[in-house]
Amino acid sequence: MKLTIFEKKVLNLVKKIPRGKLTTYKLLAKAVGQSKAARAVGNALNKNPRLIKISCHRVIRSDGRLGGYRLGWKRKMLLLKREGIEFEKNKVKNFKKYIQN
DNA sequence: CTATTGACGACAT
DNA sequence: CATGTCGCCAATA
């Protein structure tokens, strides 16, 4: 499985997110120099070859909603709760305070 | 080269 | 708050 440059960039940033912190597809896009490629970022994570090793569950939507996850958003939510993150109505409560800058 | 496909985002209704 | 629309983009067929 070979990864494209774009995918590598994204995955490398994602794996650095510390436990209990979050980031968004949009921020990642900006971080790799393509502020409008949030959607493409999501696709990159979807292809994530090491779903187990890379914590792609810490990436959410810019509006605080969870966004997708290969194994289902419920699973994603569980993992986040396990890291001490709280929810309300399918949205992360005060998500801005968890964002990793 | 063109068309399609989404783990998206901003805005309108 | 819930949907729908439209624009964006990298990857793929």
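Below, read A as the first sequence line, B as the second, and so on, with proteins coming before strands; counting in each chain starts at 1. Keep in mind the model is a prediction, meaning the values are calculated, not measured.
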Margin query: So if I take residues 83-93 of chain A and measure heavy-atom distances to DNA chain C, which residues fall below 4.0 Å?
Written below: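 By residue number: none to list.
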Next item on the list: Within residues 4-23 of chain A, find the residues that approach DNA chain C with a heavy atom at under 4.0 Å, and present them sorted by residue number.
Entry: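 Heavy-atom contacts with DNA chain C come from A:Thr4, A:Phe6, A:Glu7.
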Note to self: Considering only residues two or more places apart or on different chains, which pairs with a residue in residues 8-29 of chain A satisfy salt bridge (charged side-chain N to carboxylate O under 4.0 Å, His left out)?
What the structure shows: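 Found none.
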Note to self: Enumerate the salt bridge (charged side-chain N to carboxylate O under 4.0 Å, His left out) contacts for residues 71-86 of chain A, please, sequence neighbours excluded, ordered by first and then second residue.
What the structure shows: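 Non-adjacent pairs meeting salt bridge (charged side-chain N to carboxylate O under 4.0 Å, His left out): A:Arg58-A:Glu83.
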Provide the closest heavy-atom pair for [X] versus [Y] in the form atom of the first, atom of the second, distance.
{"X": "A:Asp63", "Y": "A:Lys91", "result": "O-CE, 3.3 Å"}
{"X": "A:Leu66", "Y": "A:Phe87", "result": "CD2-CE2, 3.6 Å"}
{"X": "A:Leu27", "Y": "A:Thr24", "result": "N-OG1, 3.0 Å"}
{"X": "A:Glu7", "Y": "A:Lys2", "result": "OE1-O, 4.5 Å"}

Validation: residues 30-39 of chain A side-chain donor-acceptor distances under 3.5 Å, sequence neighbours left out:
none

Check: Given A:Val14, which of A:Asn48, A:Leu28, A:Val41 fulfils the side chain to side chain contact (heavy atoms under 4.5 Å, CB included) condition?
Finding: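 Only one of A:Asn48, A:Leu28, A:Val41 forms a side chain to side chain contact (heavy atoms under 4.5 Å, CB included) with A:Val14, namely A:Leu28.
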Check: Side-chain heavy atoms under 4.5 angstrom apart, residues restricted to Ile, Leu, Val, Met, Phe, Trp, Tyr: same cluster for A:Phe95 and A:Ile17?
Finding: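 Result: no, two separate clusters.
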Check: Is A:Leu13 reachable from A:Leu3 through a run of I, L, V, M, F, W or Y residues, each pair having side-chain heavy atoms under 4.5 Å apart?
Finding: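 Both belong to a single hydrophobic cluster.
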Checklist line | Spacing of A:Leu3 atom CG relative to C:dA10 atom C1', expressed in whole Å | finding: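 These atoms are roughly 13 Å apart.
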Notebook entry, point to check: Just how far, in rounded Å, is C1' of C:dA11 from CD of A:Gln34?
Noted result: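 After rounding, the reported distance stands at 13 Å.
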Notebook entry, point to check: Going 5' to 3' along nucleotides 2-9 of chain B, which nucleotides have protein heavy atoms under 4.0 Å from the base (write B), which only from the sugar-phosphate (write S), and which from neither (write -)?
Noted result: ----BBBB
